[in-house]
Amino acid sequence: MADLKSEFLGIRSPNPFWLASAPPTDKAYNVNRAFEAGWGGVVWKTLGEDPPIVNVNGPRYSALHSNERRVIGFNNIELITDRPLKTNLDEIRQIKRDWPDRAVVASVMLPMNEAVWKKIVPMIEDTGADAFELNFGCPHGMSERGMGAAVGQVPEYIQMATEWCKQAATVPVIVKLTPNVTNIVPPAKAAQAGGADAVSLINTINSIMRVDYDTLTMFPTTDGMGTHGGYCGEAVKPIALNMVAEIARNKDTRGLPISGIGGITDWRDAVDFLALGASNVQVCTAAMVYGFKIIDDLTDGLSMFLDDKGMRSVAELVGKAVPSVTDWQYLNLNHVSKAVIDQDLCIKCGRCHIVCEDTSHQAITHTVNGQRRFEVIDDECVGCNLCVSVCPVDNCITMQPMTDGIDARTGKAISRTKANWTTHPNNPMRKAD
Amino acid sequence: MAKPEFTADIRAGRLDKADIDNNFSDLHPPLSRAEALIAADRCYFCYDAPCTTACPTGIDIPGFIQKIRSDNIRGSAQTILRENIMGGMCARVCPTEILCEDACVRHTHEDKPVDIGLLQRYATDPIFENNTKLFERAQRSGRRVAVVGAGPAGLSCAHRLAMLGHDVVIYNRNSKPGGLNEYGIAAYKTVDNFAQREVDYILSIGGIEVRNNVALGADVTLAELRDQYDAVFLGIGLGAVNDLGISGADIVGVENAIDYIAALRQAADKGTLPVARRVLVVGGGMTAIDVAVQSKRLGAEQVLIAYRRGPKEMGASEFEQQLAQTNNVSILHWMTPVAVSKQDGTISVALARTRLGSDGRLTITDDVQTLQVDMVFKAIGQKLVDDGLQGVALQGGRIVVDDNFATALGRVWAGGDCVVGGEDLTVSAVQHGKVAAIAIDRSLRSG
Ligand SMILES: Cc1cc2nc3c(=O)[nH]c(=O)nc-3n(C[C@H](O)[C@H](O)[C@H](O)COP(=O)(O)OP(=O)(O)OC[C@H]3O[C@@H](n4cnc5c(N)ncnc54)[C@H](O)[C@@H]3O)c2cc1C
Ligand SMILES: Cc1cc2nc3c(=O)[nH]c(=O)nc-3n(C[C@H](O)[C@H](O)[C@H](O)COP(=O)(O)O)c2cc1C
Ligand code: SF4
Ligand code: SF4
Ligand code: SF4
């Protein structure tokens with residue numbers, strides 16, 4: 001069996017799965033249960049200055065459900081820890097003593113005041129915590145007070161606060177980034193410039209779940225009024241993956257260790273993050289939705305996957321897919337794929353036909369020789385992958401690359417030479433070949 | 001002479017009330033909202049959906065299921081009832097396993113179709129419970145149409161005609177409207193007086209007057225109706241029962257299955273209905289299964305069905321055959337009665353083995369065994385009563401109609417079980433009535 005042992009910034013844990021800073025890591029009781037279940041580490045629920053913040057006494061969470069009420073997306077308006085700093089520090093110290101083989105990282109959020117950082121950071125480090133994670137991501141409540149995302153959205157602030165923390169700490173410092181920015185690279189660069197040892201991402205995304213169809217107020221509310229919250233869970237994974245890949249492939253930030261977060265629910269999600277450049281992963285919503293037991297599938301699923309790939313450690317997987325990510329302008333415009341329908345698998349639902357007919361390229365039949373039959377018309381197919389995306393039968397429609405012959409749609413011969421937009425005749429800014 | 005082993009044993013109250021209530025409760029209990037959402041989620045929202053094609057009334061099935069998913073139940077019910085005003089009854093009685101659900105692509109995918117029938121019931125039940133108005137009548141046309149028969153065909157035709165603005169009078173031989181929905185369908189398929197609640201809903205559109213206990217032929221003639229109305233629709237079903245055509249078939253204890261079923265459906269307390277200890281049913285259709293299963297559920301000890309051909313030839317669907325089996329009804333295939341006699345109350349039925357001859361025709365062999373029972377039910381099909389149908393062309397004992405359900409007689413349309421091509425299905429009768437109404441409307445507006 002592949003070895004799942006993980007080392008992130010020198011911090012060892014029996015597997016690369018940490019619980020993200022959030023309710024699952026709010027106190028010793030939960031963390032003990034998580035470690036008993038097998039989690040590799042925790043990032044403690046974000047600590048702040050005393051007096052502790054207060055939370056609303058009504059709904060903090062809401063969910064986007066499938067019809068089977070599977071939670072697809074999750075929203076929260078919870079703030080950082082609402083317990084006194086000392087209580088948290090005592091518990092962290094005890095936990096680290098009881099679970100020496102697990103990673104225990106302290107998440108912190110402090111005001112933009114150097115003196116505060118210099119005072120509190122050493123107090124936290126004294127617990128024996130393995131590292132700091134700076135919460136520059138919380139998009140609600142804390143940001144109104146100039147912290148969380150309010151810091152994470154201004155690269156200069158990120159750099160400044162990171163520097164303060166680095167000066168006060170001897171253990172590694174991870175900067176947790178907010179996705180509520182148009183480009184994730186500048187905040188990552190700022191963290192790097194401030195001396196961060198790693199970045200973790202993503203925190204939650206600004207969101208309103210829906211309205212209440214009876215009262216026509218936003219939903220949920222606290223006594224009739226609501227506020228935007230932070231969105232997470234399965235639905236945010238693609239957004240998080242892009243941000244992780246952007247940092248992993250940028251020439252300046254490449255090599256900066258990444259802890260991947262956002263929507264991880266089963267082991268395949270972890271593979272996505274790891275292959276796109278994260279060195280370990282953190283989970284919040286999936287644990288909040290299913291409990292700690294999901295760690296069993298996360299760990300043995302990943303381990304069996306590594307075995308199947310002939311990889312002996314997680315490290316071998318990290319970053320494997322990064323070289324395949326590029327800018328649009330470098331995609332090979334000479335490549336041609338066509339959809340191909342496996343008639344033996346086709347159940348004749350007709351969805352491929354209607355979506356291609358109504359919204360795409362009119363490239364799938366519904367009747368052939370008087371029979372209900374769905375076939376791709378190569379003359380029209382642009383290879384957009386819409387039919388593949390909607391077909392309810394796995395692998396029934398596949399995109400097959402053409403390696404030679406003529407593309408029936410364009411009448412042009414398939415070329416094996418690559419050519420992209422940078423040299424395309426339609427590009428006014430093209431470079432000479 | 002030796003005493004017979006058994007003497008006739010036919011009596012009421014074989015089971016106590018709780019057992020009877022349980023035995024005649026909903027065969028397929030309705031879906032809860034949670035179940036319905038999961039079932040609805042399984043629908044792929046097919047293009048040109050095969051299930052819709054397979055539904056005789058052409059209900060937009062993916063359309064109504066999509067509306068269940070979005071909690072638009074009223075919209076869903078409207079999608080159903082627009083095509084099939086008896087969508088509530090059909091949800092209960094359609095043999096979906098040979099109709100929409102047989103065609104469902106998920107059947108191909110994983111051998112388990114979407115629960116279309118149950119979803120249809122989920123969407124329509126609240127409409128009947130709350131009497132929600134979904135349809136308006138068009139501007140009054142001033143035209144009047146006579147509908148003969150208040151079964152599914154007649155009621156469907158009347159409702160569509162009323163919707164299109166015409167006034168309708170229904171002449172119905174029975175004392176209650178509903179046709180076989182009221183008198184024929186198995187009790188556990190339509191509990192809680194649903195048949196009458198559905199009729200009430202259909203009539204609530206307005207413009208339809210029902211005259212019960214009036215029979216075409218005996219009480220009113222077709223000529224009179226053609227005189228008094230702008231058009232006539234015949235939905236009289238099949239009023240008579242086929243005969244066994246063997247000696248002894250007229251003895252007491254050899255009964256018509258549909259008469260017994262009608263009595264069962266009309267009984268205020270099913271426990272008062274006499275039922276035999278040993279029952280033999282002759283036939284292979286839905287009626288045979290229904291009378292057999294219901295006898296069993298009333299407390300009959302031994303119920304056998306004798307059918308002269310094999311399982312594949314049975315009119316009853318595979319599901320219905322299984323229903324018989326799970327109710328401990330045995331089906332004897334390739335058996336037909338050749339003589340019936342009665343002694344000391346016990347009925348002896350001589351059953352001969354049949355087989356297919358080399359010419360493909362059914363032959364009765366000499367291999368005969370005798371069975372002793374207390375009651376025999378004839379369920380070998382119904383036939384048209386042609387009293388009062390003068391001038392209407394018949395073929396093979398049924399009314400001849402064209403694609404629009406017009407008969408050979410001017411301004412007279414017909415549909416349901418009574419026409420050539422009638423399929424003995426509620427849903428088909430509803431479709432006939434609907435198509436005829438649209439044709440009648442067209443003819444009234446052009447004429
Ligand atoms: C026992 C049994 C079980 C069945 N189970 C099912 C089932 O589970 N699913 C299914 O889809 N189908 C089932 N069917 C078939 C279904 O009931 C019929 O196909 C359907 O009712 C036909 O409708 P109809 O309107 O043509 O005729 P009917 O329902 O027979 O209605 C005829 C109406 O016309 C009236 N009438 C008759 N003669 C005259 C006259 N001379 N003058 C005035 N009125 C007259 C009658 O009073 C009656 O109201 C079953 C049938 C039987 C007998
Ligand atoms: C209820 C809740 C509270 C959270 N609180 C914090 C927090 O205090 N500090 C923090 O850094 N992130 C917090 N997060 C963000 C998570 O740590 C994580 O970054 C985010 O939810 C994305 O991961 P997921 O999709 O696995 O949940 C919180 C998330 C949730 C759902
Ligand atoms: S790939 Fe796109 S264009 Fe081609 S058949 Fe599929 S949907 Fe149509
Ligand atoms: S979507 Fe898939 S299963 Fe449905 S018709 Fe197209 S190829 Fe067949
Ligand atoms: S065939 Fe089945 S899956 Fe397709 S629309 Fe009909 S019910 Fe839905």
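Below, each value reflects all heavy atoms present in this structure, side chains not excepted, and no hydrogens, waters or symmetry copies.
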**Message:** Are there residues of residues 47-83 of chain B whose heavy atoms fall under 4.5 Å of chain A's heavy atoms? If so, which?
**Reply:**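 Residues Y47(B), D48(B), P50(B), R69(B) are the ones that qualify, each having a heavy atom under 4.5 Å from chain A.
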
**Asked** Among residues 102-128 of chain B, which ones touch chain A with a heavy-atom distance under 4.5 Å?
**Response**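 Listed by number, the contacting residues are V105(B), T108(B), H109(B).
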
**Asked** Checking S66(A) side chain against R70(A) main chain: does a donor-acceptor pair fall under 3.5 Å?
**Response** yes

**Asked** So, does S303(A) use its side chain to make a donor-acceptor pair with the main chain of T299(A) at under 3.5 Å?
**Response** no

**Asked** Does NZ or CZ of R33(A) lie under 6.0 Å from the centre of the six-membered ring of F292(A), at an angle within 45° of the ring axis?
**Response** no

**Message:** For chain B, which candidate among K348(A), R69(A), R372(A), E357(A) shows the most heavy-atom pairs at distances under 4.5 Å?
**Reply:**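 When all of K348(A), R69(A), R372(A), E357(A) are compared, R372(A) has the most.
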
**Item:** Parallel, tilted or perpendicular, as decided by the 30° and 60° cut-offs, for the rings of W267(A) and F305(A)
**Value:** tilted

**Item:** Whether F374(A) and H353(A) hold their rings parallel, tilted or perpendicular, with breakpoints at 30° and 60°
**Value:** tilted

**Request:** Determine whether the side chains of E97(B) and S317(B) contain a donor N or O and an acceptor N or O closer than 3.5 Å.
**Result:**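 Per modelled atom types, E97(B) and S317(B) side chains form a pair under 3.5 Å.
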
**Prompt:** Distance only, no hydrogens: is a donor on one side chain within 3.5 Å (strictly under) of an acceptor on the other, for E35(B) and S32(B)?
**Reply:** yes

**Message:** For D26(B) versus P30(B), what's the shortest heavy-atom pair and its separation?
**Reply:**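 In terms of heavy atoms, the two residues are closest at OD2-CD, 3.7 Å.
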
**Item:** Closest contact, heavy atoms only, P24(A) versus N30(A)
**Value:** O-CB, 3.1 Å

**Request:** Using a cut-off of 6.0 Å, state whether more than 12 heavy atoms not belonging to D358(A) lie near its atom CG.
**Result:**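 Yes, CG of D358(A) has more than 12 neighbouring heavy atoms, counting only those of other groups under 6.0 Å.
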
